[in-house]
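Bear in mind that the values here come from a model prediction, so they are computed numbers and not experimental data.
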Amino acid sequence: MLKYDLVIAGAGYAGLVLAMKCLSGGMKVAVVDIKAEGDLGHDWSDSVEREVLEKRDIGFSEKEVTAKPKGLHIISPLRSKEFFLDYAYEIVDMKLLHKRLLEKVEERGGELHLRASAVRPILESSGRCKGLRFNENGEPRELKADFVADCTGIKSAIKSLMPRGSGFKIELSSTDISKAYREVRRWNGKAKGNTEKVLAGWLSYHYGINGGYSWVHPETDDRIDVGAGIQLGKGYPDPENTVPERVKNLGLGERLRGGGGVIPVSSSHPVLYSHGVLLVGDSAFQAIPTSGCGAGNAMRSALIAGDALLRSRLNPDERGSLYERLYFQQKGADLAYYDVLRRRMQSFTPETLDWLMKKGILGSRELYASIHGLYQNTPAFSTLLKLAYGFTRIDVLLKLKRALSIGEKLREHLQNIPYRAKSGEKWLQKYYDLLSETYHFD
């Protein structure tokens, strides 16, 4: 039985970046995944935060960039208002990015165990995880480790098998999950048989559609990306049906790439470490709630986790608790704020959302911040009540103002997360009390 400092379940973007970071600090690391190498990585291009890609531990390759949009073109639900925003993301070929990360893990001496099956945590009688057990090439294997990281995505393969006393949040409500689907098609630069405007060079998002959005992005003069993301739990039409309909209406050609899946758009639960297990990426619900972008923040979170694990002067539980604190202080608390905003916005009708955007209450500044998951002070919304007396929708503005107030309180609470938050009953109870208010938005 081999012994490691860290064993990672999941060779996705979060798992590989975490492996790279820990290997660079001298840790002995193994990565386990059920997929074969050729099946790893998404078969499409996607938005990844530029500032994440430029971090030294990840590196940036122009070869991986498939398009450089002029910016983001936002269309309100009823198409009464348009916004043209800067876009702080790169459109990256996710297969190429994944291939490079995998190569860097191997170059740094990380062990890869692919096509594994029956992956299970090795649990002591206390419930503490001491490694992973799995089958490889039909033979049973066990890898003992000081830490195990669950980077298996929303399926949370390791987290779901941990004892209930771990404090992990296992399941999300259906309305805290989105489903996205996209197709990359050939096209000739024109939208045939349809009055829909397709702006060359712009990534266009039509917001407020089926609790989410749809998009069209001409990546090049002869290749276009069309997709949609919906909120689950509301009976909205499946994007795997609506996207092909839109492709047909636009008169697009051969399908080149595509696919999709489900995305956790709830913000992270405070317990990201327990009983020797860390949660990173979608298993920790670390996508940006208001845009669904997950790969960039998963890699950012992996670097934060790696920084904590490399603090060798701390004992394992102290390092795990440090990861929780660093994550919420650097990003997680901001995303919790936007999770509250997401819930409020998804409770409004498309007509109400359109009105908010048309009146400039949800204007360029607010849209840019929410799409990028960048916190901005609610004083930007302090004019809401003053403006309300000139509008007929004061009820909507009061609901929005209340949501922003709850979001501020939740953000501040998470920025002051105590060490070993799972044992801080009073702190956790206040967290649950604040969060419960957001589930009663009507």
Side-chain angles (χ1 to χ4, degrees), residues 5-19 21-22 29-34 119-123 127-132 145-172 176-177 262-289 294-310 316-333 335-336 339 414 417 419-423 428 431 435:
D5 298 303
L6 170 67
V7 174
I8 300 169
Y13 309 101
L16 294 179
V17 170
L18 177 59
K21 180 67 177 180
C22 291
V29 181
V31 182
V32 179
D33 201 287
I34 63 173
V119 182
R120 297 287 187 273
I122 301 173
L123 299 177
R128 190 175 188 86
C129 183
K130 298 299 294 182
L132 291 181
D146 294 328
F147 294 97
V148 169
D150 187 344
C151 302
T152 61
I154 195 170
K155 60 181 176 290
S156 305
I158 305 305
K159 177 177 72 171
S160 62
L161 296 174
M162 292 296 292
R164 181 170 296 182
S166 65
F168 289 139
K169 184 172 183 178
I170 304 299
E171 296 181 355
L172 291 175
D176 284 335
I177 302 172
V262 294
I263 305 163
V265 289
S266 170
S267 59
S268 294
H269 184 259
V271 181
L272 299 179
Y273 168 81
S274 183
H275 290 67
V277 174
L278 299 99
L279 311 179
V280 188
D282 279 356
S283 67
F285 317 138
Q286 289 174 329
I288 298 175
N297 198 46
M299 292 189 286
R300 178 194 286 113
S301 304
L303 294 178
I304 294 171
D307 282 336
L309 294 185
L310 290 172
D317 287 343
E318 288 173 333
R319 283 183 266 176
S321 186
L322 178 62
Y323 163 51
E324 291 175 340
R325 287 173 59 82
L326 291 176
Y327 173 72
F328 283 104
Q329 289 172 353
Q330 294 182 29
K331 194 65 179 180
L335 297 188
D339 191 19
L414 285 166
I417 183 173
Y419 281 105
R420 303 186 65 116
K422 51 190 170 295
S423 61
L428 273 176
Y431 166 80
L435 195 64

Chemist: Quick one: list whatever passes side chain to side chain donor-acceptor pair (under 3.5 Å) with Y323, sequence neighbours left out.
Modeler: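 Partners of Y323 under the side chain to side chain donor-acceptor pair (under 3.5 Å) test: Q286.
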Chemist: Any side-chain heavy atom of S301 within less than 4.5 Å of one from K331?
Modeler: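 No, too far: nothing below the 4.5 Å cut-off.
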Chemist: For R325, enumerate each residue passing the salt bridge (Lys or Arg N to Asp or Glu O under 4.0 Å) test, keeping only those at least two apart in sequence or located in another chain.
Modeler: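 Partners of R325 under the salt bridge (Lys or Arg N to Asp or Glu O under 4.0 Å) test: none.
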Chemist: Holding to side chain to side chain donor-acceptor pair (under 3.5 Å), I want the full list of residues that pass it with R128, two or more places apart in sequence or in another chain.
Modeler: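 Here the qualifying residues are Y273, D317.
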Chemist: With side-chain contact (heavy atoms from CB on, under 4.5 Å) as the test, would you mind laying out the steps for L132 and I158 before giving the verdict?
Modeler: CA-CA 9 Å; L132 291 181; I158 305 305; 3.6 Å; yes
Chemist: Tell me, do V17 and V280 make a side-chain contact under 4.5 Å, heavy atoms counted?
Modeler: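 When only atoms from C-beta onward are counted, V280 and V17 do not touch, as no gap falls below 4.5 Å.
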Chemist: Which residue pairs satisfy the salt bridge (Lys or Arg N to Asp or Glu O under 4.0 Å) criterion with at least one member in residues 301-310, sequence neighbours excluded?
Modeler: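 Counting only pairs at least two positions apart or across chains, the salt bridge (Lys or Arg N to Asp or Glu O under 4.0 Å) contacts touching residues 301-310 are K21-D307.
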Chemist: Applying side chain to side chain donor-acceptor pair (under 3.5 Å), can you list everything that pairs with R300, at least two apart in sequence or on another chain?
Modeler: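 R300: side chain to side chain donor-acceptor pair (under 3.5 Å) contacts with E51, N297.
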Chemist: With D176, which residues qualify under salt bridge (Lys or Arg N to Asp or Glu O under 4.0 Å), at least two apart?
Modeler: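 Once residues adjacent in sequence are excluded, the partners of D176 under the salt bridge (Lys or Arg N to Asp or Glu O under 4.0 Å) criterion are R342, R343.
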Chemist: My understanding is that only residues two or more places apart in sequence, or in another chain, count here; which of them pass side chain to side chain contact (heavy atoms under 4.5 Å, CB included) with T152?
Modeler: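 Side chain to side chain contact (heavy atoms under 4.5 Å, CB included) check on T152 returns A9, D150, K155, A157.
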Chemist: Evaluate the side-chain proximity of L335 to I288: yes if any heavy-atom separation is below 4.5 Å, no if none is.
Modeler: yes
Chemist: Which is it for K159 and V277 under the side-chain contact (heavy atoms from CB on, under 4.5 Å) test, yes or no, and what are the steps along the way?
Modeler: CA-CA 8 Å; K159 177 177 72 171; V277 174; 5.7 Å; no
Chemist: Mind checking what makes side chain to side chain donor-acceptor pair (under 3.5 Å) contact with D33, not counting sequence neighbours?
Modeler: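 For D33 there are no side chain to side chain donor-acceptor pair (under 3.5 Å) partners, ignoring immediate neighbours.
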Chemist: I want to check something: taking the side chain as every heavy atom from C-beta on, are L123 and P163 in contact at a cut-off of under 4.5 Å?
Modeler: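 Contact flag for L123/P163 side chains = yes.
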Chemist: Considering only heavy atoms from C-beta outward, does the side chain of V262 approach that of D282 to under 4.5 Å?
Modeler: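 Sidechains of D282 and V262: no contact.
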Chemist: Would I417 and Y431 count as a side-chain contact (heavy atoms from CB on, under 4.5 Å) here? Give the steps.
Modeler: CA-CA 10 Å; I417 183 173; Y431 166 80; over 6 Å; no
Chemist: Going by the rule side chain to side chain contact (heavy atoms under 4.5 Å, CB included), which residues pair with A149 if we only count those two or more places apart in sequence or in a different chain?
Modeler: L6, I8, L18, C151
Chemist: If the condition is side chain to side chain contact (heavy atoms under 4.5 Å, CB included), which residues does I34 pass it with, not counting sequence neighbours?
Modeler: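 Scan of I34 (side chain to side chain contact (heavy atoms under 4.5 Å, CB included), adjacent residues dropped) gives V119.
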